[in-house]
Amino acid sequence: MYPIEDAIYTCPKCGALIEATYEGLALDAAATKRRWRERRMSNAPLDQSGVWRYRELLGFVDTARHSAVTLREGNTPLLNAPRAAAYGGLDALVFKHQGFNPTGSFKDNGMTCGATQGLRLGMKKVACVSTGNTSASMAAYAAAAGMTPIIFLPHGNISYGKLAQALEYGALTLQVEANFDQILALVRVLAEKTGIYLLNSVNPFRIEGQKTIMVEMLDQREWSVPDWVVVPGGNLGNISAFGKGFRELRAMGFIEKLPRFAVIQAAGSAPFEKYWKERGEFEAVREPETLATAIRIGDPVSWPKAIQVVDESNGVVEKVTEQEIADAKAVVGQCGIGCEPASAATLAGIRKLVSAGVMKRDADVVAILTGNVLKDPDYIYKYHTGQLKTPAGAAITATFGNEPVVVPNDAARIAEIVARHGEA
Ligand SMILES: *Cc1c(COP(=O)(O)O)cnc(C)c1O
């Protein structure tokens, strides 16, 4: 165990990721649930945050003494999606949409905690390596806290929506000619040498914030635990955080059981799926490929925690193709909900798991949509116009394509087209 003020990310002895633990944490479940619910009526900034509302579970910082950096993250809805349920083969399906966060992804749930810890340690500069959403979130929270954000990106392979956010929030943005995993190694060395605080997925406080996604979900469901929680897997921080959240809540008697977790990876970046199925040595994917850039991770840092979570929940890991992700994403769009490509892996995975009989048709399933539909407009346009290609260059079929229609300036002709639209 190390003091909470140490800026370390891995164990100096064994190299494993550090985790925040709270000695002697005990809460009265009924009274705490009531207090959390009452905070929804409050106008105090911390009560309005869907992360800090649950601050009893975030004991690494005493918010009475240290200021927390909040942009009112969390507060994300549970959305019923009948059309997506039917596509997946389920009677019903609920999405918890983390894309409703301030910068449009669940990274905000974690970053509010990571940035708060950085501020509390007196850090002036904070850094992260990111395929996109982490940098967008980190830039925003660092800027809001008055710290300087520095972002390392793999050159190429980033969606403009995310890069644009980092630039807008004022981050020093360095595009390195190396892949994500190589840059992560580089930045860990840099952080040690320069005292820059790392807000990567190696940062244990981000995990603390992300675990509240599950707390909020349970609060919204009157503490009824679903049969399944489905989540896309990249670096596997989210699944690790979810498991930690459930474990803590169960230990304190807030809930009786765990859900089964299903982690869905993109087939071109699925080292965790392979490990889950075959065990033995964990093998990184050298050249991870997927258009779902948020989960294009070949060497996920959190796999040891993630496998524990999956196993203790009797969970599963599945992988889905580029075509399956693209079609599932269009279906999420048709629900009026929309999400970014990585998020749609959940629905694609559900469809596979239901058809394999792993997930029952009448199961109570919550799928996490991790990012906002506007993160990757280029992908959307290409899909709907039949121009989307896999990283290997194979065509992706626009199964649910919806091309814009060019029409003449002619009311009669347009009326005809509108009248015909929607008829089979
Ligand atoms: C970061 C991210 C993921 C992957 O989450 P991990 O915690 O790295 O497994 C999935 N979807 C989106 C939109 C993300 O931003």
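Only this structure's heavy atoms are used, side chains among them; waters, hydrogens and symmetry mates stay out. First listed ligand is number 1; within each ligand, the first listed atom is number 1.
Contacts between Ile297 and ligand 1 below 4.0 angstrom, taking non-hydrogen atoms only, are absent altogether. Counting heavy atoms under 4.0 Å from ligand 1, residue Gln210 does not touch it at all.
Considering each of Ile264, Asp108, Thr370, the one bringing a non-hydrogen atom nearest atom 11 (N) of ligand 1 is Thr370.
Not one N or O of Ser343 is nearer than 3.5 Å to an N or O of ligand 1, by distance alone. Checking only distances, Gly234 does come within under 3.5 Å of ligand 1, N or O to N or O. Geometrically, ligand 1 and Ala342 share no nitrogen or oxygen pair separated by less than 3.5 Å. Considering both main-chain and side-chain atoms, Gly237 comes within under 3.5 Å of ligand 1 through a nitrogen or oxygen pair. For a threshold of 3.5 Å applied to N or O pairs, the pair formed by Asn133 and ligand 1 contains at least one separation below that value.
Of all atoms in ligand 1, listed by their number and element, those nearer than 4.0 Å to a heavy atom of Gly371 are 13 (C). Residue Asn235 approaches ligand 1 through these ligand atoms, each under 4.0 Å from one of its heavy atoms: 6 (P), 8 (O), 9 (O). Taking every non-hydrogen atom of Lys107 and a distance limit under 4.0 Å, the qualifying atoms of ligand 1 come out as 1 (C), 2 (C), 3 (C), 14 (C), 15 (O). In summary, the atoms of ligand 1 found under 4.0 Å from a heavy atom of Ala294, numbered by their order in the structure, are 2 (C), 3 (C), 4 (C), 11 (N), 12 (C), 13 (C), 14 (C), 15 (O). Here is the list of ligand 1 atoms found below 4.0 Å of a heavy atom in Gly233: 9 (O). Heavy-atom contacts of Glu340 reach the following atoms of ligand 1: 13 (C) (cutoff under 4.0 Å).
The residues Glu273 and Lys277 are annotated as salt-bridged, a charged nitrogen and a carboxylate oxygen being separated by less than 4.0 angstrom. Ion pair Arg279/Asp311 flagged as a salt bridge, since at least one NZ, NE, NH1 or NH2 atom sits closer than 4.0 Å to an Asp/Glu carboxylate oxygen. A salt bridge links Lys162 with Glu340; the closest basic N to acidic carboxylate O contact falls under 4.0 Å.
When atom types are taken as modelled, the side chain of Thr116 and the backbone of Val69 share a donor-acceptor pair closer than 3.5 angstrom. With hydrogens and angles ignored, the 3.5 Å screen pairs no side-chain donor or acceptor of Glu289 with any backbone N or O of Pro391.
Centroid-to-centroid, the aromatic rings of Phe272 and Trp303 stay 6.0 Å apart or farther. For Phe261 and Trp228, the distance between ring centers is not under 6.0 angstrom. A centroid separation of less than 6.0 Å is found between the aromatic rings of Trp36 and Phe254.
A 4.5 Å side-chain heavy-atom check between Thr290 and Ser269 finds at least one atom pair inside the cut-off. Looking at heavy atoms from C-beta onward, Val365 lies out of side-chain contact with Asp227 at the 4.5 angstrom threshold.
In this structure, atom 7 (O) of ligand 1 lies nearest to the protein heavy atom Asn238 N, 2.8 Å. For atom 5 (O) of ligand 1, the closest non-hydrogen atom on the protein side is Phe106 CZ, 3.3 Å.
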